[in-house]
Amino acid sequence: MDIKNLDHSYIAQTYGRYDAVLTEGTDAGFAGDGKAYIDFGSGIAVNTFGANDAGWIEAVCAQAHKLSHTSNYFYTEPQSKLAEALCTRTGLKRVFFSNSGAEANECAIKVARKYSHDKYGESRATIVTLQGSFHGRTVTTLSATGQDVFHTDFMPFTPGFVHVPPNDIAALESALTADVCALMLEPVQGEGGVITLDADYLAAAQKLCADRDILLVLDEVQTGNGRTGTLYAFQQLGIMPDVMSTAKGLAGGLPLGATLMGEKVEETLGKGKHGSTFGGNPICCAAANYVLERLDDAFLGEVRDKAAYFREKLLAMPGVTAVSGLGLMIGISLKAGDAHDAALRCLTRGLIVLTAKDKVRLLPPLNVSRADMDAGLAILGEVIAEVVAEAEAQKETEQSQT
């Protein structure tokens, strides 16, 4: 079967696919086209425990044998159990389940605007987000996204969003005017370049929002579910959101989003105010229950240890100028050369990495082994050295010709 030809013929060509057909996987590895790959991408932070995790498969199959789907007019055990676990472990009060990060952020936006509408009327609906942010692909979450490159083709975009520079407290304070109902932040900007927000900035944001009754909304779609070394990033950053969205790794490979609401907004969404056909699907929730049960303090400690190991090894590479991010959400700045070129070269040598703006981005499975870490880092080090050397040689050639 010619998989690539079928894709080109019948699938909307919206993705710049890498030249690899993946057919199976185990742990931090994939196979396809007769080739093996070490995976430092985990499906963009989705495959929490890599491919073919035995416990995850058991949880999914057990639930599939019981109940695959019913409408949200009925109660189900996996959904209720998951909601309890999420609230208990975050200190938030209520959960709305959806299918993706974009949907979780749409719900967060609706919660913020309805809370303000109920309390202050129609004139208080603006949401402040950050330049460089990414909140989803729907028209409204694209509007919330603070990157001009996404604000094309689909006009008119949803009004009511203002974008300010990250880590600029003065700009934030000026933007939080009387018409603002919420501030929406990613603790680490993933697609925007793996940029971690400063602790002082986050503390100031929390206080400014609290003083003005503006909701603090955290987008933890990518930073959540153990990715940063705590269950959610805010738990190591000294802040507490009013609303939090998450998805990606929550169900470890199945589509599930969640919007968590704190005490201030726990009753904001009443009956009929929001809904989702597949949100909180029993199989997806069973998978997520397994993920959360496994992400205990000991496991999260291992994630932090692995993150420290990655940073130590990466910073020792001659072509690396900086390493950004938090936990196993890693951005690598190169001395010279193109990050996308580096990612393509890694793939030809059996390593899957990602990019974010001008950085190489790593999002390995949280259970990645030391052997896979070392093997993948060896490939990455070789590629970075090669890309940087070629870029510097090209620059010298160009300078000599001028």
Taking 4.0 angstrom as the limit, do [X] and [Y] come out as a salt bridge?
{"X": "Arg361", "Y": "Glu191", "value": "yes"}
{"X": "Lys335", "Y": "Glu392", "value": "yes"}
{"X": "Glu173", "Y": "Arg212", "value": "yes"}
{"X": "Asp374", "Y": "Lys313", "value": "no"}

So, the side chain of [X] versus the backbone of [Y]: is there a donor-acceptor pair under 3.5 Å, distance only?
{"X": "Asn52", "Y": "Gly25", "result": "yes"}
{"X": "Asn289", "Y": "Pro78", "result": "yes"}
{"X": "Arg17", "Y": "Asp7", "result": "no"}
{"X": "Arg345", "Y": "Val383", "result": "no"}
{"X": "Ser80", "Y": "Glu77", "result": "no"}
{"X": "Asp27", "Y": "Val368", "result": "no"}
{"X": "Asn99", "Y": "Pro255", "result": "no"}
{"X": "Gln79", "Y": "Gly280", "result": "yes"}
{"X": "Ser98", "Y": "Gly279", "result": "no"}
{"X": "Asp39", "Y": "Phe30", "result": "no"}

* For the residue pair His135 and Thr145, confirm or rule out a side-chain donor-acceptor distance under 3.5 Å. =>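 There is no such pair (donor and acceptor under 3.5 Å, judged by atom type) between the side chains of His135 and Thr145.
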* Asked: Between Lys357 and Gln147, do the side chains contain an N or O donor and an N or O acceptor separated by less than 3.5 Å?
  -> yes
Decide if atom [atom1] of [X] counts as having more than 12 heavy atoms of other residues, nucleotides or ligands within a radius under 6.0 Å.
{"X": "Lys273", "atom1": "NZ", "result": "no"}
{"X": "Lys395", "atom1": "NZ", "result": "no"}
{"X": "Asp2", "atom1": "CG", "result": "yes"}
{"X": "Asp211", "atom1": "CG", "result": "yes"}

Any side-chain heavy-atom pair of [X] and [Y] under 4.5 Å:
{"X": "Leu314", "Y": "Leu377", "answer": "yes"}
{"X": "Phe134", "Y": "Gln222", "answer": "no"}
{"X": "Arg124", "Y": "Asp213", "answer": "yes"}
{"X": "Pro364", "Y": "Phe310", "answer": "yes"}
{"X": "Val111", "Y": "Leu269", "answer": "yes"}
{"X": "Phe234", "Y": "Thr90", "answer": "yes"}
{"X": "Leu92", "Y": "Met261", "answer": "no"}
{"X": "Thr223", "Y": "Leu326", "answer": "no"}

* side chain to side chain contact (heavy atoms under 4.5 Å, CB included) partners of Ala102, counting only residues at least two apart ->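 Residues passing side chain to side chain contact (heavy atoms under 4.5 Å, CB included) with Ala102: Ser100, Thr138, Thr141.
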Point-to-point distance, once rounded to the nearest 0.5 Å, from [atom1] of [X] to [atom2] of [Y]:
{"X": "Arg304", "Y": "Leu328", "atom1": "CZ", "atom2": "CG", "result": "11.0 Å"}
{"X": "Phe96", "Y": "Ser276", "atom1": "CZ", "atom2": "OG", "result": "5.5 Å"}
{"X": "Leu295", "Y": "Glu302", "atom1": "CG", "atom2": "CD", "result": "11.0 Å"}
{"X": "Ile127", "Y": "Asp179", "atom1": "CD1", "atom2": "CG", "result": "11.0 Å"}
{"X": "Arg349", "Y": "Leu380", "atom1": "CZ", "atom2": "CG", "result": "10.5 Å"}
{"X": "Leu315", "Y": "Ile332", "atom1": "CG", "atom2": "CD1", "result": "9.5 Å"}

Minimum heavy-atom separation for [X] and [Y], please, with both atom names.
{"X": "Thr268", "Y": "Tyr115", "answer": "CG2-N, 3.7 Å"}
{"X": "Ser42", "Y": "Pro365", "answer": "CB-N, 3.8 Å"}
{"X": "Gly190", "Y": "Ala356", "answer": "O-CB, 3.4 Å"}
{"X": "Lys4", "Y": "Asp19", "answer": "NZ-OD1, 2.5 Å"}
{"X": "Arg113", "Y": "Cys181", "answer": "CG-SG, 4.0 Å"}
{"X": "Tyr201", "Y": "Pro165", "answer": "OH-O, 4.0 Å"}

* Taking only residues two or more places apart in sequence, or in another chain, which ones meet Asp358 in a side chain to side chain donor-acceptor pair (under 3.5 Å)? -> none
* **From CA spacing to verdict: side chain to side chain donor-acceptor pair (under 3.5 Å), Glu390, Gln394** => CA-CA 6 Å; Glu390 290 181 11; Gln394 177 65 28; over 6 Å; no
* To do: Begin from the C-alpha positions of Leu366 and Arg227 and carry the test side chain to side chain contact (heavy atoms under 4.5 Å, CB included) through to its verdict.
  => CA-CA 7 Å; Leu366 303 188; Arg227 175 57 49 186; 3.7 Å; yes
Which pairs of donor and acceptor atoms, one on a side chain in residues 236-251, lie under 3.5 Å apart (sequence neighbours left out)?
residue: Gln236; atom: NE2; partner: Thr228; partner atom: O; Å: 3.0
residue: Gln236; atom: NE2; partner: Thr228; partner atom: OG1; Å: 3.3
residue: Gln236; atom: NE2; partner: Thr230; partner atom: OG1; Å: 2.9
residue: Asp242; atom: OD2; partner: Leu216; partner atom: N; Å: 2.9
residue: Ser245; atom: OG; partner: Asn105; partner atom: OD1; Å: 2.5
residue: Thr246; atom: OG1; partner: Glu220; partner atom: O; Å: 3.0
residue: Thr246; atom: OG1; partner: Asn225; partner atom: ND2; Å: 3.0
residue: Lys248; atom: NZ; partner: Ile44; partner atom: O; Å: 3.3

* **Parallel, tilted or perpendicular: ring planes of Phe154 versus Phe157, cut at 30 and 60 degrees** => perpendicular
* Asked: Where does the angle between the aromatic ring planes of Phe278 and His69 fall among parallel (under 30°), tilted (30 to 60°) and perpendicular (over 60°)?
  -> tilted
* **Verdict with supporting geometry, Arg94 and Glu267, side chain to side chain contact (heavy atoms under 4.5 Å, CB included)** => CA-CA 8 Å; Arg94 302 262 183 191; Glu267 304 298 339; 3.2 Å; yes
* With side chain to side chain contact (heavy atoms under 4.5 Å, CB included) as the test, would you mind laying out the steps for Val188 and Ile195 before giving the verdict? => CA-CA 5 Å; Val188 182; Ile195 298 170; 5.9 Å; no
* Check: Tyr37 ring centre within less than 6.0 Å of Tyr18 ring centre -> no
* To do: Go through the steps for Thr48 and Arg294 under the test side chain to side chain contact (heavy atoms under 4.5 Å, CB included), then give the verdict.
  => CA-CA 10 Å; Thr48 307; Arg294 190 164 167 187; over 6 Å; no
